[in-house]
There are 2 protein chains.
Amino acid sequence: MRALPSDEVLEKIADVLKALADPTRLRILHVLQDGELCVSDILGHVGGSQANVSKHLSVLKRAGLVGCHREGLNVFYHISDDGVFAICRNVCDSLQIRLDRERETLAEARSRMDTGTGSPD
Amino acid sequence: MRALPSDEVLEKIADVLKALADPTRLRILHVLQDGELCVSDILGHVGGSQANVSKHLSVLKRAGLVGCHREGLNVFYHISDDGVFAICRNVCDSLQIRLDRERETLAEARSRMDTGTGSPD
DNA sequence: CGGCTATATTCCTCGATGATTATAAAGGAG
DNA sequence: CTCCTTTATAATCATCGAGGAATATAGCCG
C-alpha cells in the first residue's frame with residue numbers, strides 16, 4: 001500500500017487550494033497573467049469594492065500565489081507562482097472532459113431510445 | 001487584453017477546487033488512488049467518524065471527483081476524474097519550488113552575514 | 001416479519017469566510 | 001503642515017462548512 005502523505009503536507013496543499021477556490025480570486029489571478037497591475041487596475045478589471053479586492057489580494061499573498069511592491073501611491077501585484085495556471089488548466093481540462101463524457105452519455109441514451117434498446121419504462 | 005472567463009466557468013472551477021480544498025478529502029482521494037474501496041475500508045484508512053467520512057464522500061461525488069456503486073451492503077467508491085492527481089501534483093510541485101526558493105534565500109542571507117555585506121544594523 | 005450491518009442524512013454547534021461600511025495608513029501635491 | 005489619492009485594515013453581519021450525535025435508509029440473514 002502507498003504511504004499516506006502527512007497531515008502537514010495535506011493541510012498545506014489544502015491551504016493553497018482554498019486560496020484558489022474563489023471566483024473573484026481566480027479572476028484576479030487571470031488578469032495578472034499578462035503582467036503586474038496595481039490595485040486600482042485590478043479593481044477596474046474584476047469589479048467589486050476596493051476593500052473586498054484588497055482583502056482577496058491579501059489572501060492570495062498569504063498563500064504565496066502573488067507578490068507585490070509599492071511604487072509611490074500604487075501597489076503593484078504580480079503572480080509569484082506560475083503553477084497556479086497549470087492547476088487552473090488542469091481543472092478546466094477535467095471539466096471539459098466531464099462535459100464531453102456527459103454529452104456522449106446523452107447521445108448514447110438518445111440512440112438507445114431510437115432503437116428501443118434501453119430500459120423501456 | 002485577454003478575455004475574462006465567464007462567471008459561470010469561474011464558479012465551476014472554484015467549486016471543484018473547493019471540493020479539493022480539504023485535508024480529509026485529499027486523504028480519501030489518495031487512498032482511492034489504488035482502486036475502489038468501500039466506505040468502511042476508507043474509514044479504516046483515513047479515520048474519523050463514519051458520518052463524517054460519508055459526508056466528505058458525498059461532497060466529492062457532487063463535485064464529480066468520485067463515483068460509487070453498491071454491492072450488497074457495501075458501497076464502493078472510485079476516482080471518476082483522474083485529473084485530480086495532476087492537480088495535486090501541481091500544487092505539490094509549487095510548494096516544493098517555493099520551499100526550495102525560501103531555502104536559497106535563507107542561504108544567501110546567511111552568506112551575506114558571513115561576509116558582512118548585508119544590512120549591517 | 002424482526003434483528004443486524006453498512007451507509008446516508010438530519011440537526012446542531014462552532015469557527016472560518018465573504019461582503020459592506022467606515023476608518024486608518026502611506027505617500028504625493030500644494 | 002493640510003488635502004487628496006491609493007491601498008489596507010477594522011468592525012460588523014450573514015453565510016458556509018466541518019464535525020459530532022442521533023436517526024434514517026438500504027440490504028442481508030434468520
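In what follows, chains are A, B, ... by sequence order, proteins preceding strands, each numbered from 1. We use all heavy atoms of the structure for the numbers below, so side chains are in, but hydrogens, waters and symmetry mates are not.
Counting atom types as modelled, B:Gln50 pairs no side-chain N or O with a base atom of C:dA6 as donor and acceptor under 3.5 Å. Below the 3.5 angstrom threshold, one finds no donor paired with an acceptor across the side chain of A:Lys55 and the base of D:dA8.
Between B:Val59 and B:Ala51, it is B:Val59 whose nearest contact on DNA chain D lies nearer the 5' terminus. Comparing A:Arg25 and B:Phe76, the nucleotide of DNA chain C nearest to each residue sits closer to the 5' end for B:Phe76. Residue whose closest nucleotide on DNA chain C sits further toward the 5' end, between A:Ser49 and A:Gly72: A:Ser49.
For A:Arg70, counting side-chain heavy atoms from C-beta on, the closest listed nucleotide (D:dT6, D:dG19, C:dT7) is D:dT6. Of the candidates C:dG27, C:dT9, D:dG17, the closest approach to any side-chain atom of A:Leu73 belongs to C:dG27. You'll find that the side chain of A:His56 is closest to C:dG18, out of C:dG18, C:dT21, D:dA21. Of the candidates C:dA19, D:dT9, C:dG28, C:dA19 carries the atom nearest the A:Thr24 side chain, counting heavy atoms from C-beta on. If you check C:dA19, D:dA26, D:dT7 against the side chain of A:Asn52, the one that comes closest is C:dA19.
Rounded to a whole Å, the CG atom of A:Leu60 is 10 Å from the P atom of C:dG18. For A:His69 and C:dA26, the NE2 to P distance is 19 Å, given to the nearest whole Å. Note: CD (B:Glu36) to P (C:dT7) measures 12 Å, nearest angstrom. Taking atom CD1 of residue B:Ile28 and atom P of nucleotide C:dT7, one finds them 13 Å apart after rounding to whole Å. The CG atom of B:Asn74 sits 12 Å away from the P atom of D:dC29 (whole-angstrom rounding). For the pair B:Glu71 CD and C:dT7 C1', the interatomic distance rounds to 15 Å; values are reported in whole Å. C:dA8 atom P lies 9 Å from atom CD1 of B:Ile42, rounded to whole Å. Distance A:Leu17 CG to D:dG17 P: 16 Å, rounded to the nearest Å.
Contact annotation: B:Tyr77 reaches the phosphate of C:dA8 (side-chain N/O to OP1 or OP2, under 4.0 Å).
Counting non-hydrogen atoms under 4.0 angstrom, A:Ser40 reaches the backbone sugars and phosphates but no base.
Considering every non-hydrogen atom in both A:Ala19 and A:Leu60, the closest pair reads O-CD2, 4.0 Å.
Using a 4.0 Å cut-off between charged side-chain N and carboxylate O, B:Lys12 and B:Asp15 make no salt bridge. Between B:Asp7 and A:Arg27, at least one side-chain nitrogen of the basic residue sits less than 4.0 Å from a carboxylate oxygen of the acidic one, meeting the salt-bridge criterion.
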Side chain to side chain contact (heavy atoms under 4.5 Å, CB included) assessment of B:Asn74 paired with B:Asp41: CA-CA 10 Å; B:Asn74 297 308; B:Asp41 286 340; over 6 Å; no
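Under the 30°/60° scheme for interplanar angles, the aromatic rings of B:Phe76 and B:His69 are found to lie parallel.
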